[in-house]
Amino acid sequence: MRLTVIGTGYLGATHAACMAELGHEVLGVDVDPDKIAALRSGRVPFYEPGLQELLARHTASGRLRFTTSYEEAAAFARVHFSCVGTPQSQGSDAADLTYVDAVIDALAPHLTEPSLVIGKSTVPVGTADRLAARLAELAPSGADAELAWNPEFLREGFAVRDTLRPDRLVFGVRSPGAEALLREVYAPVIAGGTPVITADFPTAELVKTAANAFLATKISFINAMAEVCEATGADVSVLATAIGHDERIGARFLRAGVGFGGGCLPKDIRAFAARAQELGTGRSLAFLREVDAVNLRRRDRVTELVRELCGGTPAGARIAVLGAAFKPDSDDIRDSPALDIAVRLHEDGADVTVYDPQAMDNARKKHPLLGYALSATEAMADADVVLHLTEWEEFRSLDPAALAAVVGHPRIVDGRGALDADRWVAAGWDFHALGRPARVRTGASGCAG
C-alpha cells in the first residue's frame, strides 16, 4: 500500500520507518524543513535503538520518502497516519491539541478522493468525534474522507519492536471499510499473532489514556510504599518482591525509585484528569493527582537525602549524576528526574557533573550551567556523593571497587533501585536507596569531612 505519516517526531519517524519495513511505500510529512532534510539523508534526529538502520535502509531503497507538502501527501496516498504531539497546554493540565487540529485543517482540503485518516496521538476522549466532523466538513470528498483511531503504545527504547511486534492493535472505527483498510495495513503484524481489538472512537481513545494511568499508578504505588518504608525501617525491595508474587499484582514496575518522567506519562495522566473534570467525572480520576504528587515527591526525597549526607547543605560539594535521559536506551530528557535533581542541587550550590551514554548533547543544550563528563569515571572523580538516576546497563556494570579509589567519598544513592547493593557495600561504599535501610560504614563523615 501507499501510506503517508504526518508528523516525523519520535512517534512519526518510527512509524514511517516501520511501515516501510512492513513493505509499504511511505511518505513522511512535516512542516519542519530541517527535520525533513535530516530524514531524507537517512539521519534520525534522536536516539532509538534499531531505528537508524531501518531509516537508512528504506530511504536508500526509495520505499521511504519525506516532504513538507500536504498537497503532495494527498496525491500520494489514500491512507494517512496522523502522528503529531499533544503536549501539555501552558497554564493548565489539559492537552494542547493545536498540532492534531492543524493536521486535519491542512490535509482535508486536498482530499478529493475517498480517504482514511488514522489518528495515533494520545488525545482526550471525545477528540476523534470532533475531528471526524471537521474532516468531512473540509474535505472536497465529504463523508468519503473518513477518520479512524489507532492509538500507539510505544515504549522509548523499544519503539521499533513495539511497532513491528505489538502486544495488541486497537482500531477505533465507524465502518467495516475503515477496519478492512487498517487490517490490510497491519496484515503482516496480524499474521504474526498480534490480537486486534475493534472499538468505537471513545473506547479507542480511552484505551491509551487508561493504560498510561494504570502504569503511572502502579509506579507511584510502590514509591508511596517506599515513603512508608523509610518512616518505619522496612525494606521496599523485599516488600515489592513479596507482593509481586501475587498473580493479581505482578512484579513488573514495582521497583521503587525517583519515578517516571518523559514527554508522555506525566502530561498524559494530567490531561486525563483534566478531561474527566470537564466531563463532570473529576472525582473518578482524582486519585491521579496524588499519583502525580507521589511521583514528584521522590525527586524531593533524593535532594533531601543528598543534603543530609552533606551535613545539611550540598553547597561546595561535588556531586556526580549518572544519567540525564528520563529512561535508558533513549536520549529524551523531557521531564527527566535525573536532570531535575541535578539542577536543584546545582541551585543549592553543589558542583554537579553529569554523564549519560546518549543524552549529553540534549542535556548540555538545555542546562549549560551543569558540568558534563565524557565517562562515568570522569564524572565521579573526587565526588562526595554519586547519584544513580538513569538505569543504563553501563551503570549497572560499573566496578565499585575500582571507583572507590576515584571518588572523594565512596557514597552512592541508587535512585533507581537497580544496583547490586551487596557488591557496592563489599567494595567499601556507603549505599543508600529509596525505601531501604541505609548501609553505611562506621564513622563515615559528611561531604566536608
Side-chain angles (χ1 to χ4, degrees), residues 86-88 92-95 122-125 151-158 162 167-168 170 197 202-231 234 236-302 326-327 332 334-337 340 389 391 415-418 433-436:
T86 53
Q88 186 173 330
S92 81
D93 286 344
T122 303
V123 295
V125 61
E152 57 87 11
F153 302 100
L154 304 189
R155 300 166 296 163
E156 292 197 33
F158 301 91
D162 289 346
D167 52 18
R168 79 283 208 195
V170 176
I197 297 98
T203 304
E205 292 166 318
L206 282 170
V207 169
K208 176 57 187 288
T209 50
N212 279 356
F214 190 89
L215 175 59
T217 300
K218 191 170 185 181
I219 296 169
S220 282
F221 172 82
I222 200 61
N223 281 331
M225 293 303 99
E227 293 183 356
V228 176
C229 287
E230 288 166 6
V236 74
S237 64
V238 178
L239 172 67
T241 299
I243 66 174
H245 281 291
D246 188 324
E247 291 182 355
R248 298 167 299 174
I249 298 172
R252 296 193 68 195
F253 300 102
L254 285 182
R255 182 185 291 165
V258 292
F260 55 81
C264 295
L265 213 54
K267 62 96 175 173
D268 286 348
I269 64 169
R270 292 166 193 158
F272 196 14
R275 181 58 176 151
Q277 194 69 36
E278 293 171 354
L279 294 169
T281 59
R283 290 199 299 176
S284 300
L285 296 183
F287 71 93
L288 288 180
R289 307 290 186 188
E290 185 57 26
V291 165
D292 195 16
V294 169
N295 187 59
L296 295 175
R297 282 204 301 271
R298 293 289 78 192
R299 305 180 190 188
D300 297 337
R301 177 57 188 143
V302 172
F326 86 94
K327 65 175 291 184
D332 192 344
R334 291 176 294 175
D335 198 14
S336 163
D340 185 15
L389 300 180
E391 52 190 297
R416 289 296 179 182
L434 301 182
R436 300 168 65 182

Can you check whether [Y]'s main-chain N or O pairs, donor with acceptor, with [X]'s side chain at less than 3.5 Å?
X: Ser336; Y: Asp332; value: no
X: Arg334; Y: Gly262; value: no
X: Glu230; Y: Gly435; value: yes
X: Arg416; Y: Gly259; value: yes
X: Arg275; Y: Val125; value: yes
X: Lys208; Y: Glu152; value: yes

Identify the two heavy atoms, one from [X] and one from [Y], that lie closest to each other, and give their separation to 0.1 Å.
X: Ile222; Y: Ala240; value: CD1-CB, 3.9 Å
X: Arg255; Y: Gly417; value: CD-O, 3.4 Å
X: Gly250; Y: Lys218; value: O-NZ, 3.5 Å
X: Glu205; Y: Val123; value: OE2-CG2, 3.7 Å

Which distance, rounded to the nearest 0.5 Å, do you find between the [atom1] of [X] and the [atom2] of [Y]?
X: Asp93; Y: Phe272; atom1: CG; atom2: CZ; answer: 14.0 Å
X: Leu265; Y: Asp268; atom1: CG; atom2: CG; answer: 7.0 Å
X: Phe214; Y: Ile269; atom1: CZ; atom2: CD1; answer: 14.0 Å

Validation row: [X], [Y] side chains within 4.5 angstrom (heavy atoms):
X: Gln277; Y: Leu285; answer: no
X: Cys229; Y: Leu239; answer: yes
X: Val207; Y: Ile197; answer: no
X: Leu389; Y: Val258; answer: yes

For atom CZ of Phe221, is the number of surrounding heavy atoms from other residues, nucleotides or ligands below 6.0 Å larger than 12?
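No, not enclosed.
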Any salt bridge linking Lys327 with Glu156? Criterion: basic side-chain nitrogen under 4.0 Å from a carboxylate oxygen.
no
